[in-house]
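One-based numbering, in listed order, for ligands and for the atoms of each.
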Amino acid sequence: MNERKTALITGASSGIGMACASRFAAGGWNLLLVARRAEKLNQLRQAIVDQYAVQVNVLCLDVRKPSAGETLLKLIGEEWLSIDLLVNNAGLAVGLEPIHEGVVDDWERMIDTNIKGLLYVSRAISPLMVAKKSGHIINIGSVAGKENYPAGNVYSATKFAVDGLTRGMRIDLAPFGVKVSQVAPGAVETEFSIVRFKDDAGRAKTVYHGFVPLSGEDVAEAVWFAANLPPHVNVNDLLLMPTAQPCATIIHRKA
Ligand code: NDP
Ligand code: 8X3
């Protein structure tokens, strides 16, 4: 391996994760890219290596599996085990129903991905950072993990969990010189709403109608900032909002 830094990014096949991959490649970092969709990851890998002199390894993995951490370490391989940054980004919202109409399977998918998936991946990667007494974990939270909104119930709860886990992980890992940060965005136009509304692209589009949402690139820039501060400086929490969205429940839209 060369002397470049290495970032492991989960959920790199789309949206914020994909934008982070491009941003870190542009900054000269080698990449370990995790998601379920192999074709998307391979396309991204090709686009990056065509443009930048960095190494990219694609790891197809469902972070929900309790064996995800073990599988991840096997897929990474010895040569890549010096990881400087883990971006825990893989996540999703499924459905938007009030609690009394909620769909149990949707709840399971969100809890298993956003909470348990983050835990499985962190459990696998954090010991490597502890052993070398350096590293950085950036969890992608949400404004939904700071404030509730109607029918956001379980998705919000998973992001409140990410907020709480970020604080706890930071306390546990600080003695080893390992940084832990949260980047918590408001509305970002990605595949997020298409997934939430189960492939209803028309309904997904209405979420971003009449205002300028954040882009994946905007969030990637914040992650890049947090990841590139001097060793003695840590971003504990960065809440990044569209200007037109002053809080979770208000969006100023033009007709
Ligand atoms: P996208 O749907 O565009 O991307 C989600 C990514 O997560 C995809 O790469 C997807 O890959 C991956 N993923 C989902 N489930 C799994 C799984 N079980 N195993 C591995 N990878 C998985 O959405 P965003 O980029 O918007 O979302 C990224 C993160 O940002 C999420 O945690 C989301 O909650 C958070 N967020 C999003 C906001 C928004 O408004 N868009 C605002 C605030 C936070 P694949 O399907 O190939 O597995
Ligand atoms: C995604 C932002 O407000 O749609 O976390 O929940 S929101």
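- Contact annotation: Asn89 has at least one heavy atom less than 4.0 Å from an atom of ligand 1.
- For atom 7 (S) of ligand 2, the closest non-hydrogen atom on the protein side is Tyr149 OH, 3.5 Å.
- Pairing each heavy atom of Val34 with each of Leu41, the nearest pair is C-CD1, 4.0 Å.
- The closest approach between any non-hydrogen atom of Ala187 and ligand 1 is below 4.0 Å.
- Close approach of ligand 1 to Ala12 (heavy-atom distance below 4.0 Å) involves ligand atoms 9 (O).
- Here Thr113 has side-chain heavy atoms under 4.0 Å from ligand 1, and that is the only part of it that gets that close.
- At the top of the distance list for atom 20 (C) of ligand 1, counting protein heavy atoms only, stands Leu61 O, 3.3 Å.
- With a 4.0 Å heavy-atom cut-off, ligand 1 is reached by no atom of Asp112.
- Protein heavy atom nearest atom 25 (O) of ligand 1, with residue, atom name and distance: Ile16 N, 2.9 Å.
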For this session: Just do the side-chain hydrogen bond (donor to acceptor under 3.5 Å, both in side chains) check on Ser122 and Asn88 with the steps written out, would you?
Result: CA-CA 8 Å; Ser122 301; Asn88 273 319; 2.9 Å; yes
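- With atom 44 (C) of ligand 1 as the reference point, the heavy atom nearest to it among Gly141, Gly186, Pro242, Gly15 is part of Gly141.
- Using a 4.0 Å cut-off to heavy atoms of Ser142, the atoms of ligand 2 that qualify are 1 (C), 2 (C), 5 (O).
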Exercise. Are Gln182 and Asn236 close enough, and set up right, to give a side-chain hydrogen bond (donor to acceptor under 3.5 Å, both in side chains), and what steps lead you there?
Worked result: CA-CA 6 Å; Gln182 173 172 249; Asn236 281 10; over 6 Å; no
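- The shortest contact between atom 11 (O) of ligand 1 and any protein heavy atom is with Ser13 OG, 2.8 Å.
- Looking at Ser193 against ligand 1, nothing comes within 4.0 Å, counting heavy atoms.
- Under the 3.5 Å distance criterion, with hydrogens and angles disregarded, no donor-acceptor pair is assigned to the side chains of Ser67 and Tyr120.
- Across Arg170, Arg167, Lys146, a single residue satisfies side-chain hydrogen bond (donor to acceptor under 3.5 Å, both in side chains) together with Asp237, and that is Lys146.
- For ligand 1, the atoms sitting less than 4.0 Å from at least one non-hydrogen atom of Arg37 are 11 (O), 45 (P), 46 (O), 47 (O), numbered in the order shown with element in parentheses.
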Exercise. Going through the checks in order, is the side-chain hydrogen bond (donor to acceptor under 3.5 Å, both in side chains) test met by Asn42 and Gln46?
Worked result: CA-CA 6 Å; Asn42 283 319; Gln46 196 56 53; over 6 Å; no
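- Between atom CE of residue Met169 and atom CD1 of residue Ile137 there is a gap of 4.0 Å, rounded to the nearest 0.5 Å.
- Residue Tyr120 does not touch ligand 1, judged by heavy-atom distances below 4.0 Å.
- Among all protein heavy atoms, the one lying closest to atom 23 (O) of ligand 1 is Thr190 OG1, 3.4 Å.
- Atom CG in Asn139 sits 7.5 Å away from atom CG in Leu165 (nearest 0.5 Å).
- When Gly117, Ala38, Gly17, Gly91 are ranked by how near their heavy atoms come to atom 5 (C) of ligand 1, first place goes to Gly91.
- Not one N or O on the side chain of Ser13 forms a donor-acceptor pair closer than 3.5 Å with the backbone of Lys40.
- Minimum interatomic distance between Ser22 and Leu44 (heavy atoms only, all atoms of both residues): OG-CD1, 4.2 Å.
- At a 4.0 Å heavy-atom cut-off, ligand 1 touches Ser14 through backbone and side chain alike.
- With atom 46 (O) of ligand 1 as the reference point, the heavy atom nearest to it among Met110, Arg36, Arg196 is part of Arg36.
- Nearest residue to atom 19 (N) of ligand 1 from Asn114, Val94, Val63 is Val63 (criterion: closest heavy atom).
- Residue contacts with ligand 1 do not include Glu189, since none of its heavy atoms lies under 4.0 Å from the ligand.
- A 6.0 Å sphere centred on CZ of Phe225 holds no more than 12 heavy atoms belonging to other residues, nucleotides or ligands.
- Using a 4.0 Å cutoff on heavy atoms, Lys40 does not count as a contact of ligand 1.
- Considering only non-hydrogen protein atoms, atom 21 (N) of ligand 1 sits nearest to Ala90 CB, 3.7 Å.
- No side-chain donor-acceptor contact under 3.5 Å links Asn89 and Thr10.
- The hydrophobic cluster containing Leu61 also contains Leu81, counting ILVMFWY residues as joined when their side-chain heavy atoms lie under 4.5 angstrom apart, directly or transitively.
- If you check the side chains of Ser215 and Asp218, you find a donor sitting under 3.5 Å from an acceptor.
- When ring centroids are compared, Phe192 and Tyr155 come within the 6.0 Å threshold.
- Here the protein heavy atom with the shortest distance to atom 18 (N) of ligand 1 is Asp62 OD1, 2.8 Å.
- Taking both residues in full, the closest heavy atoms of Pro246 and Ala244 are given as CD-O, 3.3 Å, listed atom of the first, atom of the second, then distance.
- Considering only non-hydrogen protein atoms, atom 12 (C) of ligand 1 sits nearest to Gly11 CA, 3.5 Å.
- Under 4.0 angstrom from ligand 1, the non-hydrogen atoms of Lys159 all belong to its side chain.
- Remark: among candidates Ile140, Val121, Val188, Val162, the nearest residue to atom 41 (N) of ligand 1 is Val188, based on non-hydrogen atoms.
- Of all atoms in ligand 2, listed by their number and element, those nearer than 4.0 Å to a heavy atom of Ala144 are 6 (O).
- For atom 33 (C) of ligand 1, the nearest protein heavy atom (residue, atom name, distance) is Tyr155 OH, 3.7 Å.
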